[in-house]
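Structure first, commentary second.
All of these numbers come straight from a predicted model, not from anything done at the bench.
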Amino acid sequence: MEICALTPELLTPTFAYLRRSPYRNALLLSNISQLRQSCDVLVAQHHEEIVGVASTYRDLPTPNFIFAAAYPSVAQQLLENLVARNPQLRDRPVMALLPEDRFRQVRSFATLVDSEVEYQMGVEPDTLRMPDGPPARRLGQADLPAMSALAEAAGLTVWHESTLGLGPAFGCFEGERLVAMAATHFATPDVIEIGHVATHPDFRRRGYAKAATAALTQAAFALAPRVFLMVLEENLPARHTYRALGFQAIESFHLARFLF
């Protein structure tokens with residue numbers, strides 16, 4: 001087996017490999033396309049066939065990895081190579097969002113620090129239910145200061161002002177004040193992830209975030225055939241809200257930290 005950095009020549013077969021499971025591999029699809037400049041990506045080949053992909057974001061404050069592999073032995077070699085190339089992944093907890101089988105693969109050779117369950121929830125164009133409630137409008141560059149202030153007030157941990165460059169965002173206003181928003185984590189031709197869903201603490205439980213999420217989802221279907229978001233198992237109010245919009249759980253993931 002050969003493991004090497006992703007090259008332009010490997011891009012097409014790597015896309016084909018990951019597109020076999022576009023929801024499960026959504027993060028990796030974004031890492032080899034829209035977010036490529038921010039990622040280190042390794043590809044495993046066996047007899048010139050792609051058998052695994054692993055990646056880490058270079059610019060996140062938390063060390064992280066993501067991977068897909070045909071066999072446990074491929075997963076171990078891929079991640080060992082990724083750690084060797086990226087010193088920030090060594091000797092400290094490293095975050096990963098993994099479906100059950102990949103979570104078990106990593107547990108077989110790395111030390112689990114902690115883990116919680118997060119659901120991947122998806123919706124189809126014909127099952128999306130637009131709510132009756134406050135109006136939402138698309139947000140632009142002029143709204144960035146208000147978006148950043150809302151992110152801070154709501155306690156978003158991965159907010160960055162570059163978000164508007166990744167895809168659409170929608171918000172709800174009380175007067176001229178932005179009180180809720182939903183934005184795009186990434187957008188590829190295959191799948192879009194909704195994120196940065198936030199409501200100001202003074203305006204919660206009034207349907208603002210629900211309206212912003214629904215408007216963003218509707219706009220996202222003009223860009224890709226699949227739309228999803230992630231929500232922690234323990235966040236019952238959010239799960240209820242997303243189900244009311246037509247989202248259903250696709251798969252459960254482990255949001256886990258490992259030591260290599």
Side-chain angles (χ1 to χ4, degrees), residues 18-19 21-41 53 55-68 95-99 116-123 128 136 138-141 143-144 147-148 150-152 154-171 180-199 209-210 212-232 235 238-239 241-242 245 247 249-256:
L18 295 175
R19 280 172 169 157
S21 300
Y23 275 117
R24 297 185 109 214
N25 295 331
L27 288 173
L28 283 165
L29 283 165
S30 73
N31 290 6
I32 67 171
S33 56
Q34 187 181 55
L35 304 180
R36 180 69 185 92
Q37 297 305 312
S38 301
C39 300
D40 186 19
V41 182
V53 184
S55 177
T56 182
Y57 297 102
R58 300 190 191 98
D59 55 357
L60 285 184
T62 302
N64 60 87
F65 71 92
I66 190 74
F67 79 97
M95 186 75 70
L97 183 63
L98 304 170
E116 54 188 334
V117 173
E118 195 165 7
Y119 290 110
Q120 185 182 51
M121 300 185 73
V123 66
L128 175 64
R138 186 157 182 169
L139 302 174
Q141 292 296 320
D143 298 301
L144 268 178
M147 295 173 72
S148 295
L150 175 57
E152 182 176 0
L156 295 185
T157 57
V158 295
W159 167 257
H160 194 274
E161 290 190 348
S162 63
T163 294
L164 275 182
L166 302 177
F170 281 76
M181 67 179 179
T184 303
H185 269 163
F186 60 79
T188 76
D190 297 272
V191 63
I192 289 177
E193 182 184 0
I194 290 174
H196 305 301
V197 180
T199 305
K210 186 178 183 180
T213 301
L216 173 57
T217 303
Q218 190 174 54
F221 277 124
L223 303 174
R226 303 172 187 88
V227 179
F228 77 96
L229 48 76
M230 304 297 299
V231 59
L232 288 171
N235 193 347
R239 288 167 57 193
T241 295
Y242 298 140
L245 292 175
F247 285 82
I250 299 170
E251 188 170 8
S252 61
F253 281 64
H254 290 269
L255 182 61

Original post:
Gln218 and Phe170: side-chain contact (heavy atoms from CB on, under 4.5 Å), yes or no, with the steps?
Top reply: CA-CA 11 Å; Gln218 190 174 54; Phe170 281 76; over 6 Å; no
**OP:** Check whether any side-chain heavy atom of Leu156 lies under 4.5 Å from a side-chain heavy atom of Met181, and answer yes or no.
**Re:** yes
Original post:
Can you find a pair of side-chain heavy atoms, one from Met230 and one from Phe253, that are under 4.5 Å apart?
Top reply: yes
Original post:
So, the side chain of Gln34 versus the backbone of Ala187: is there a donor-acceptor pair under 3.5 Å, distance only?
Top reply: yes
Original post:
Under a 4.5 Å cut-off applied to non-hydrogen side-chain atoms, are Pro168 and Leu223 in contact?
Top reply: yes
Subject >> Glu118 side, atom CD; Leu97 side, atom CG - distance, nearest 0.5 Å >> reply: 5.5 Å
Original post:
Taking C-beta and beyond as the side chain, do Asn31 and Tyr57 meet within less than 4.5 Å on heavy atoms?
Top reply: yes
Original post:
So how far is it from Leu98 CG to Ile66 CD1, rounded to the nearest 0.5 Å?
Top reply: 5.0 Å
Subject >> Value rounded to 0.5 Å, distance of CG in Leu150 from CG in Asp143 >> reply: 11.0 Å
Original post:
Quick check: are there more than 12 heavy atoms from other residues, nucleotides or ligands sitting under 6.0 Å from CD of Glu152?
Top reply: no
Original post:
Under the 3.5 angstrom rule, does the side chain of Glu193 hit a backbone N or O of Ala26 as a donor-acceptor pair?
Top reply: no
**OP:** Kindly determine whether Leu255 and Met95 satisfy side-chain contact (heavy atoms from CB on, under 4.5 Å), including the steps that lead there.
**Re:** CA-CA 7 Å; Leu255 182 61; Met95 186 75 70; 3.7 Å; yes
Original post:
Shortest non-hydrogen contact from Thr199 to Ala180?
Top reply: OG1-CB, 3.8 Å
Subject >> Distance (rounded to the nearest 0.5 Å) between Leu232 CG and Tyr119 OH >> reply: 10.5 Å
**OP:** Any chance you could lay out the side-chain contact (heavy atoms from CB on, under 4.5 Å) test for Phe186 and Leu27, step after step, and finish with the verdict?
**Re:** CA-CA 8 Å; Phe186 60 79; Leu27 288 173; 3.5 Å; yes
Subject >> CG-CZ distance between Leu35 and Arg58, expressed to the nearest 0.5 angstrom >> reply: 11.5 Å
Subject >> Taking every non-hydrogen atom, the tightest pair across Pro225 and Pro189 >> reply: CD-O, 3.3 Å
**OP:** Using side-chain contact (heavy atoms from CB on, under 4.5 Å) as the criterion, point out the one residue from Val123, Val197, Thr217 that pairs with Tyr242.
**Re:** Val197
Subject >> Heavy-atom closest contact (Ala136 atom, Ala212 atom, distance) >> reply: CB-CA, 4.0 Å
Original post:
Under the 3.5 angstrom rule, does the side chain of Thr213 hit a backbone N or O of Lys210 as a donor-acceptor pair?
Top reply: no
Subject >> Minimum heavy-atom distance between Asp59 and Ser38, given as atom pair plus value >> reply: OD2-OG, 3.4 Å
**OP:** Mind running side-chain contact (heavy atoms from CB on, under 4.5 Å) on His196 and Thr184 for me, showing each step along the way?
**Re:** CA-CA 7 Å; His196 305 301; Thr184 303; over 6 Å; no
Original post:
Distance from Thr188 atom OG1 to Leu166 atom CG, nearest 0.5 Å?
Top reply: 12.0 Å
Subject >> Nearest heavy-atom neighbours spanning Leu18 and Leu29 >> reply: CB-CD2, 3.7 Å
**OP:** Taking all heavy atoms of Ala183 and all of Thr163, pick out the closest pair and write down the distance.
**Re:** CB-CG2, 3.6 Å
